[in-house]
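The next block holds one structure in the form of structure tokens; read it before the comments.
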Amino acid sequence: MSIGLSERAGAIAGSATMAVSARAAELRAAGNRVVSFGAGEPDFPTPGHIVEAAQRACADPVNHRYTSSAGLAELRRAVAESVLADTGLAIDKTDVLVTNGAKQAVYLACMVLLNPGDEALVPSPYWTTYPEAVRLTGATPVPVRSDPARDYKVTPEALDAHLTPRTKVLLFGSPANPTGTVYTPEEIRAIGDWAAQRGIWVISDEIYQHLLYDGAVAASMPVAAPGVRDQCIVIGGVSKTYAMTGWRVGWLYGPAGAVKAAVNLQSHMSSNVSNVAQAAAMAALRAGRPGFEDVLASYDRRRHLMVDILQGIRGVDCPTPTGAFYCFPSVKRLLTRSILGHSFASTAELATFVLDRVSVALLPGEAFGAPGCLRLSYALDDQSLQTGLERLQRLLSSQDLPRAHVH
Ligand SMILES: Cc1ncc(COP(=O)(O)O)c(C=O)c1O
């Protein structure tokens, strides 16, 4: 008799970013001022009117009880209205499911679409959760590589080259994590049309839809490619736009049958999302985005600072991202030489070295299916950003630094 864990548990990789996070925590505990470029979350507090709505919801006994698994009716309506306002797509509120963050929406979408043995195309570099969510269903993630010279974009031709009779789903995101790539509406239309013609479902992760720079436009998949609408589940949420990562509210919407299946699944997994958090999300959507231009202007300033400094480091090639809040430079040329007598077989090793030497946390490209790259979030305050980038620049330019505490 075996007392082992399930095959499913064994198939899930621990987060490759955890090693860096754990080491960063150790260094902090030892008194180092660690600058972390790791976190994919806004450094701004959740706006006051949202917090106040949550406080009011806390005091209302109606929110002390279970509510509908699909989400509060008013929030589902607010999501449908914001989708219409933002994208022009008219959806029924009953085709919206409120989830515990967009992450759970990705997982639920995979669960209702994929069977064991199916394949899901995942453009790479990918958000580290996508292949794991696919694997949890017993299906196989199939990476479709893109390269920095083409802004990390995949094309219908590249997708076609990976198509097999088992391909069921394309997991697509624009603006993308980790690259910050934003596909044009025409490119999204081409990909959506391709999926419609081939009979492939699209899970379109649009959580970064409002984080755009340089005039980039975030087209929504079912709007750019109406032909794919009946086989497209869209993912969204409040985490990134409204600085609400800790509140855990996301959603999915799509064809009624798929959404109903996802509601059924959620009803047994987690019942409803916290009512207080849903009330907060409702306040966020209802109030629009007051002050958001200032937030975007801050990200934009930080984006320029980061790209300029990274581009100035010999051996670093950093495309200019036009969405989200990440840079994803290639350091392949850097890996071919040694720094302070050290050489590196992977960006994981390089990230550990950088953390140990100058207390700067970076995420290794391996976690995103892109060895030779690093992910840096610029969603941190200007002072930390400047300090961290200067430390990085000095180290990677190989000037000797004291190994002891960096303040
Ligand atoms: C592409 C992408 N989708 C979804 C999420 C999940 O967001 P949430 O905090 O709503 O679960 C993230 C968070 O990093 C993300 O980068």
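Scope of the values below: all heavy atoms of this structure, side chains included, with no hydrogens, waters or symmetry mates. All of these numbers come straight from a predicted model, not from anything done at the bench. For ligands, and for the atoms within them, numbers begin at 1 and follow the listed sequence.
In plain terms, the two heavy atoms of Gln231 and Ala195 that are nearest each other are NE2-O, 3.1 Å. Of all heavy-atom pairs between Tyr242 and Gly288, the closest is CE2-O, 3.6 Å.
Using 4.0 Å as the threshold, Gly237 has no heavy atom nearer than that to any atom of ligand 1. Using a 4.0 Å heavy-atom cutoff, Gly101 is listed among the residues neighbouring ligand 1. Using a non-hydrogen distance threshold of 4.0 Å, Lys240 registers as a contact of ligand 1.
Each of the atoms 6 (C), 8 (P), 11 (O) of ligand 1 lies under 4.0 Å from some heavy atom of Lys103. Ligand-side atoms of ligand 1 in range of Ser239: 8 (P), 9 (O), 10 (O), range being under 4.0 angstrom from any heavy atom.
Remark: minimum distance from atom 3 (N) of ligand 1 to any protein heavy atom is reached at Asp205 OD2, 2.6 Å. Scanning the protein for heavy atoms near atom 7 (O) of ligand 1, the closest one is Ile207 CD1, 3.6 Å.
Between the side chains of Thr322 and Asp214, no donor-acceptor pair is found at a separation under 3.5 Å. Side-chain atoms of Gln266 and Ser69 include no donor-acceptor pair closer than 3.5 Å. Checked by atom type, the side-chain pair Glu41/Ser239 shows no donor-acceptor distance below 3.5 Å.
Atom 6 (C) of ligand 1 has its nearest heavy-atom neighbour, among Tyr126, Trp127, Trp247, Tyr107, in Trp127.
Within 6.0 Å of atom CZ in Arg337, more than 12 heavy atoms from other residues, nucleotides or ligands are found, so the atom counts as buried in its surroundings.
Residue-to-ligand polar distances keep Gly40 apart from ligand 1: every N/O pair is separated by 3.5 Å or more. Residue contacts with ligand 1: Thr245 is placed with no nitrogen or oxygen under 3.5 Å of a nitrogen or oxygen of the ligand (distance criterion only). Remark: ligand 1 and Tyr208 share an N or O pair separated by less than 3.5 Å (distance only, no angle test).
Contact annotation for Ala102 and ligand 1: heavy atoms of both the backbone and the side chain come within less than 4.0 Å of the ligand. Residue-level proximity to ligand 1 for Arg248 is carried by the side chain, the only part with a heavy atom below 4.0 angstrom. Proximity of Tyr130 to ligand 1, defined as any heavy-atom pair under 4.0 Å, is confined to the side chain (atoms from C-beta onward).
In this structure, Tyr326 and Tyr208 have perpendicular ring planes: the angle between them is above 60°, well past the 30° mark.
Here Arg198 pairs with Asp160 in a salt bridge; the nearest charged N to carboxylate O distance falls below 4.0 Å. The pair Arg135-Glu132 meets the salt-bridge criterion, since a charged nitrogen lies less than 4.0 angstrom from a carboxylate oxygen.
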